[in-house]
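Have a look at the structure below, then the notes.
Just so it is clear: chains get the letters A, B, ... in the order the sequence lines come, proteins before strands, and each one is counted from 1. Below, each value reflects all heavy atoms present in this structure, side chains not excepted, and no hydrogens, waters or symmetry copies.
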Amino acid sequence: MPERSNFIRDIVAADVAAGRIEVPVTRFPPEPNGYLHIGHAKSICLNFGIAAEFGGHCNLRFDDTNPVKEEQEYLDAIEADVRWLGFDWGGNLFHASDYFEQLYGWAVHLVKAGRAYVDDLSADEIREHRGTLTEPGRDSPYRDRSVAENLDLLARMRAGEFENGARVLRAKIDMASPNINLRDPVLYRIVHASHPRTGDAWCIYPTYDFAHGQSDAIEGVTHSICTLEFEVHRPLYDWLIANLPVPHIPHQYEFARLNLTHTVLSKRVLKRLVDDGHVRGWDDPRMPTISGLRRRGFPAAGIREFAAMIGVARTDSVIEVGQLEHAVRSVLNRTAARRFGVLDPLKVVITNWPEDRIETMEVVNNPEDPGAGTRIVEFGRELWIERDDFMEEPVPKFFRLAPGREVRLRNAYFVTCHEVVKGDAGRVMELRCSYDPLTRGGDSPDGRRPKATLHWVSAAHAVPAEVRLYDHLFNRPDPGTDGHLFADLNPASETILNGVMLEPALADTPPGETVQFERLGYFTPDADSRPGALVFNRTLTLKDTWAKVQAKGG
RNA sequence: UGGCGCGUGGCUCAACGGUAGAGCACCUGACUCUGGAUCAGGGGGUUCCAGGUUCGAAUCCUGGCGCGCCAGCCA
């Protein structure tokens with residue numbers, strides 16, 4: 001499925017066609033202050049996708065300029081997530097911190113050129129001097145310090161002579177600019193904190209604005225693609241590039257970040273969900289993080305397909321989660337092995353089946369993929385079927401099992417229910433059925449065609465398991481709209497089922513593989529799963545038109 | 001309010017001066033040993049509004065309106 005074009009692709013293609021560049025160089029620049037989420041996946045697919053399409057390359061560059069928020073755990077997780085998504089940065093793994101010395105040198109360059117100065121104003125005072133959206137700012141009293149004094153102060157900032165916040169280095173641009181980002185933006189701040197990579201080598205750190213474009217220049221990035229909120233920074237990006245002796249001139253392009261219904265894509269909020277215990281971790285299957293989606297069973301190919309499907313534009317937008325789910329189902333439908341699992345088991349005894357007789361049935365692994373082969377499943381006198389697949393008094397349009405009714409057990413036999421055994425509270429405990437020996441494999445010689453085909457598991461062979469059902473993390477499409485984000489959490493986002501009965505082959509499902517439990521949905525072994533204590537996560541249900549029919553009838 | 005940007009079916013995107021299309025969602029039908037796969041069809045758009053330019057405007061111009069972003073020593 002060829003990816004649809006988009007305005008950034010068009011720009012790159014035009015640049016190549018016009019000979020402005022040979023091949024594009026892009027970069028994915030996460031800050032290691034949290035885990036990557038599906039919104040980052042959109043950016044990753046865009047950056048790596050464009051590079052690959054035009055024969056260029058994409059760097060993985062950590063924007064690690066703020067040591068108080070960044071951690072090694074995040075660095076590691078981000079690498080793993082990008083790789084899992086299917087992208088390869090080759091040897092091009094970089095860190096803004098790799099460039100700290102060069103960046104500092106350029107800061108000195110700016111000072112010498114009279115284009116930067118050390119400001120002694122406090123953060124509050126700087127804010128006051130900055131003006132507002134409608135009023136121009138005022139010059140800092142320290143704005144006209146001599147080059148010599150600025151050089152001296154900057155060196156002493158670096159040497160650690162001053163406390164956090166005591167001074168900053170600022171670009172000298174225009175305090176009256178209508179673009180507030182040009183009102184002498186801060187380039188360096190004093191932060192006595194040790195950095196995950198540079199340790200205590202530095203106590204001053206460059207701001208995003210001073211680090212990003214210059215890092216792009218150092219790496220020869222041609223197209224620096226970021227999200228819309230950086231649009232107002234572009235004049236500053238260009239100003240710095242124009243005023244520094246950089247080896248290359250990169251350009252910044254902005255696109256609209258991803259928003260999804262029924263969830264939230266903000267690292268700040270995701271971190272709170274984790275820290276406040278609303279979920280069990282960054283990789284909780286309900287999280288929209290890459291690691292959460294992976295644990296949930298979403299295949300990387302599904303996420304890539306989703307990214308290709310939604311396109312890239314400059315319009316703020318909110319994608320319906322259904323679209324992500326569609327992409328994932330479409331991948332899983334053609335790749336997932338089919339298995340039998342009974343979530344809510346109801347015992348069926350086949351009264352005309354000999355006590356100890358076991359037959360084996362050959363069952364197709366994936367009707368969408370003949371190459372997936374077949375497997376052997378045991379069939380015996382006692383079986384488990386889904387409780388939902390039986391109704392003592394069937395309502396109209398319910399075609400499954402009911403007293404006196406015949407259904408097909410998938411790939412096995414036709415069975416007819418003769419007796420309903422109930423417990424004390426009137427709960428159905430067991431169904432007593434007969435089977436038709438002539439229907440082995442699921443076809444009858446007389447052409448009878450039951451209206452329903454049920455999945456089943458041999459009770460003598462079934463493997464018990466825990467299954468975790470997942471639903472949207474938030475119970476409204478636009479969580480937090482009323483200002484109470486956490487009140488919008490979906491209390492039913494996770495439902496734990498015990499005593500689920502699985503066909504034995506499921507015990508060997510490798511981690512990371514998502515299978516289909518026929519008629520129910522897609523499931524994957526959870527990281528908590530152990531031999532003898534299996535745990536499966538429900539990735540997604542199948543599209544359920546029966547549920548739709550029911551909803552209408554109700 | 002100053003600056004920058006964005007407005008095309010319910011949602012996401014195409015159409016780049018020449019008959020407004022696609023995917024998702026929705027509805028209907030066919031088919032089926034997953035009621036769920038799959039296939040086929042259908043409904044749904046004054047292209048934010050108003051002027052202007054043009055033989056012709058979603059597209060160009062002007063003016064409105066609406067929405068987003070920017071006043072961190074976050075990114």
Answer yes or no for A/R158 and A/Y104: cation-pi contact, defined as NZ/CZ to six-membered ring centre under 6.0 Å and angle to ring axis within 45°. yes

Searching all strands shown, indicate the nucleotide that pairs with [N] (Watson-Crick or G-U wobble; both distances under 3.5 Å).
{"N": "B/A14", "answer": "none"}
{"N": "B/G43", "answer": "none"}
{"N": "B/G2", "answer": "B/C70"}
{"N": "B/U38", "answer": "B/A30"}
{"N": "B/A58", "answer": "none"}
{"N": "B/A25", "answer": "none"}

So for A/E135 and B/G2, does any side-chain atom that can act as donor or acceptor lie under 3.5 Å from a complementary atom in the base? no

Is it the case that the base of B/U34 and the side chain of A/Q516 share a donor-acceptor contact (distance under 3.5 Å, atom types as modelled)? yes

Considering only atom [atom1], compute the distance from [N] to [M] and round it to an integer number of Å.
{"N": "B/U53", "M": "B/G45", "atom1": "P", "result": "30 Å"}
{"N": "B/G63", "M": "B/G5", "atom1": "P", "result": "14 Å"}
{"N": "B/A15", "M": "B/A22", "atom1": "C1'", "result": "11 Å"}
{"N": "B/C61", "M": "B/C6", "atom1": "P", "result": "12 Å"}
{"N": "B/G9", "M": "B/G51", "atom1": "C1'", "result": "26 Å"}
{"N": "B/A14", "M": "B/U54", "atom1": "P", "result": "31 Å"}
{"N": "B/G41", "M": "B/G23", "atom1": "P", "result": "11 Å"}
{"N": "B/U8", "M": "B/U47", "atom1": "P", "result": "12 Å"}

Over how many whole Å does the gap from [X] atom [atom1] to [N] atom [atom2] extend?
{"X": "A/L260", "N": "B/C24", "atom1": "CG", "atom2": "P", "value": "17 Å"}
{"X": "A/D124", "N": "B/A71", "atom1": "CG", "atom2": "C1'", "value": "13 Å"}
{"X": "A/D316", "N": "B/G66", "atom1": "CG", "atom2": "C1'", "value": "13 Å"}
{"X": "A/R130", "N": "B/C70", "atom1": "CZ", "atom2": "P", "value": "13 Å"}
{"X": "A/I319", "N": "B/G10", "atom1": "CD1", "atom2": "P", "value": "16 Å"}
{"X": "A/L401", "N": "B/G35", "atom1": "CG", "atom2": "P", "value": "13 Å"}
{"X": "A/M309", "N": "B/C11", "atom1": "CE", "atom2": "P", "value": "16 Å"}
{"X": "A/N259", "N": "B/C6", "atom1": "CG", "atom2": "C1'", "value": "14 Å"}

Report yes if some heavy atom in the side chain of A/N366 is under 4.5 Å from a heavy atom in the side chain of A/R334; otherwise report no. no

Side chain of [X]: nearest nucleotide among [options]?
{"X": "A/N333", "options": "B/A37, B/U1, B/A75", "value": "B/A37"}
{"X": "A/T315", "options": "B/A75, B/C13, B/A37", "value": "B/C13"}
{"X": "A/E231", "options": "B/C24, B/C70, B/C4", "value": "B/C4"}
{"X": "A/E320", "options": "B/A75, B/C11, B/A71", "value": "B/C11"}
{"X": "A/V168", "options": "B/U34, B/A75, B/C73", "value": "B/C73"}
{"X": "A/A313", "options": "B/A14, B/C70, B/U1", "value": "B/A14"}
{"X": "A/E229", "options": "B/A75, B/U1, B/G35", "value": "B/A75"}

Please work out if [X] contacts a base, only the sugar-phosphate, or nothing of the nucleic acid, heavy-atom cut-off 4.0 Å.
{"X": "A/H233", "answer": "base"}
{"X": "A/V312", "answer": "sugar-phosphate"}
{"X": "A/R183", "answer": "nothing"}
{"X": "A/E254", "answer": "nothing"}

Check whether any side-chain N or O of [X] sits under 4.0 Å from OP1 or OP2 of [N], and answer yes or no.
{"X": "A/K543", "N": "B/A37", "result": "yes"}
{"X": "A/R189", "N": "B/C74", "result": "yes"}
{"X": "A/H455", "N": "B/U34", "result": "no"}
{"X": "A/R127", "N": "B/G72", "result": "yes"}
{"X": "A/R314", "N": "B/G5", "result": "no"}
{"X": "A/S122", "N": "B/C73", "result": "no"}
{"X": "A/T65", "N": "B/C74", "result": "no"}
{"X": "A/R519", "N": "B/G35", "result": "yes"}

Taking atom CH2 of A/W282 and atom NE2 of A/H37, what is their separation to the nearest 0.5 Å? 8.5 Å

Using the ring of each side chain (for Trp, its six-membered ring), is A/F100 parallel, tilted or perpendicular to A/H195, with breaks at 30° and 60°? perpendicular

For A/Q72, I'd like to know if atom CD has over 12 heavy atoms of other residues, nucleotides or ligands within 6.0 Å. yes

Verdict with reasoning, A/R408 to A/L454, per side-chain contact (heavy atoms from CB on, under 4.5 Å): CA-CA 6 Å; A/R408 175 191 294 115; A/L454 312 187; over 6 Å; no

Can we call the ring centroids of A/H212 and A/Y208 under 6.0 Å apart? yes

Of A/V457, A/V342, A/V467, which meets side-chain contact (heavy atoms from CB on, under 4.5 Å) against A/V500? A/V467

Taking for A/H326 and for A/L454 the nucleotide of RNA chain B with the nearest heavy atom, the one nearer the 5' end belongs to A/H326

Working note: A/L343 + A/L469, criterion side-chain contact (heavy atoms from CB on, under 4.5 Å); need CA distance, chi angles, decisive distance, verdict. CA-CA 10 Å; A/L343 296 185; A/L469 306 179; 4.3 Å; yes

Quick one: classify the glycosidic conformation of B/G42 as syn or anti, with syn meaning within 90° of 0. anti

